[in-house]
Amino acid sequence: MGAQTLASIVANPIPWGTITAVVLGVFISCALLGWVMWRVAKDSERMERDPKFRARKLLGGAILYGVSLTYAVLLVVTGRAPVWCLAFSPIPLCYIWVYLKAARDAKAPPKS
């Protein structure tokens with residue numbers, strides 16, 4: 001596919017349905033990202049105060065990485081993914097280890 005000229009764009013305009021879908025998709029993605037960022041900011045304040053909540057969030061992150069790594073291993077074992085996909089498996093293993101260690105060491109802040 002080569003570079004398009006202005007004449008080819010005018011001769012073959014982009015359908016309005018495509019433009020609408022792109023604009024709505026970007027709007028929905030930005031709204032979702034904003035909501036997620038707001039929740040993270042709200043939860044981070046609570047994680048500073050509540051060690052049980054912090055440990056629960058860290059365990060959730062470790063479980064997420066563990067499930068993803070298990071799924072990747074299953075794909076390799078069943079032959080639907082090449083073996084080299086496991087080359088980077090130490091990275092999620094490190095994340096799992098760090099998250100579990102941090103969840104275990106979550107302690108209440110000292111009373112002031």
Side-chain angles (χ1 to χ4, degrees):
M1 187 171 207
Q4 291 186 342
T5 62
L6 183 60
S8 68
I9 293 173
V10 171
N12 301 317
I14 299 172
W16 283 104
T18 303
I19 295 171
T20 305
V22 168
V23 169
L24 284 176
V26 169
F27 176 76
I28 291 170
S29 299
C30 289
L32 180 66
L33 180 64
W35 179 75
V36 168
M37 289 172 54
W38 178 72
R39 291 292 302 187
V40 167
K42 189 175 168 186
D43 286 349
S44 67
E45 292 173 359
R46 184 172 172 198
M47 280 192 278
E48 289 178 5
R49 291 178 279 137
D50 188 2
K52 285 185 180 181
F53 184 75
R54 182 182 328 133
R56 197 172 1 172
K57 287 291 185 177
L58 290 167
L59 283 174
I63 290 170
L64 178 69
Y65 277 108
V67 168
S68 300
L69 184 62
T70 304
Y71 181 68
V73 169
L74 286 175
L75 287 178
V76 170
V77 168
T78 58
R80 294 189 312 189
V83 177
W84 64 265
C85 290
L86 296 179
F88 299 104
S89 60
I91 296 170
L93 284 173
C94 288
Y95 278 127
I96 293 168
W97 179 73
V98 167
Y99 280 15
L100 290 176
K101 187 174 179 337
R104 186 191 64 199
D105 296 340
K107 296 178 183 168
K111 303 284 185 188
S112 48

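Listed here is the closest heavy atom pair of Y65 and P92: CD2-CB, 4.1 Å.
From S44, atom OG reaches atom CZ of R54 across 11.5 Å, with rounding to the nearest 0.5 Å. To the nearest 0.5 Å, atoms CD1 (I96) and CG (L64) are separated by 9.0 Å.
Looking at residues two or more places apart in sequence or on another chain, you find no salt bridge (charged side-chain N to carboxylate O under 4.0 Å, His left out) involving R56. In this structure L75 satisfies the side-chain contact (heavy atoms from CB on, under 4.5 Å) test together with Y71, R80, A81, sequence neighbours excluded. Every residue two or more places apart in sequence or in another chain that forms a side-chain contact (heavy atoms from CB on, under 4.5 Å) with I91 is listed here: F88, Y95. In this structure L59 satisfies the side-chain contact (heavy atoms from CB on, under 4.5 Å) test together with L100, A103, sequence neighbours excluded. Applying the side-chain contact (heavy atoms from CB on, under 4.5 Å) rule to P15 yields the partners T18; only residues at least two apart in sequence or on another chain are considered.
Hydrophobic cluster membership for F53: M47 (Ile, Leu, Val, Met, Phe, Trp, Tyr linked by side-chain heavy atoms under 4.5 Å, directly or transitively). Clustering of Ile, Leu, Val, Met, Phe, Trp and Tyr by side-chain heavy atoms under 4.5 Å joins V67 with I63. The hydrophobic cluster containing V73 also includes V76, V77, V83, L86, under a criterion of side-chain heavy atoms closer than 4.5 Å among ILVMFWY residues, counted directly or through chains of members. L24 belongs to no multi-residue hydrophobic cluster, having no ILVMFWY side-chain contact under 4.5 Å with any other such residue.
Pairs of residues two or more places apart, or lying in two chains, that qualify as salt bridge (Lys or Arg N to Asp or Glu O under 4.0 Å) and include a residue from residues 84-106 are K101-D105. Contacts classified as salt bridge (Lys or Arg N to Asp or Glu O under 4.0 Å) and involving residues 26-47 (residues at least two apart or in different chains) are given here: D43-K57, R46-D50. For residues 14-36, no residue pair satisfies the ring pair (Phe, Tyr, Trp, His ring centres under 6.0 Å) rule, not counting sequence neighbours.
Grouping the Ile, Leu, Val, Met, Phe, Trp and Tyr side chains by contacts below 4.5 angstrom, directly or via other members, places W38 apart from L33.
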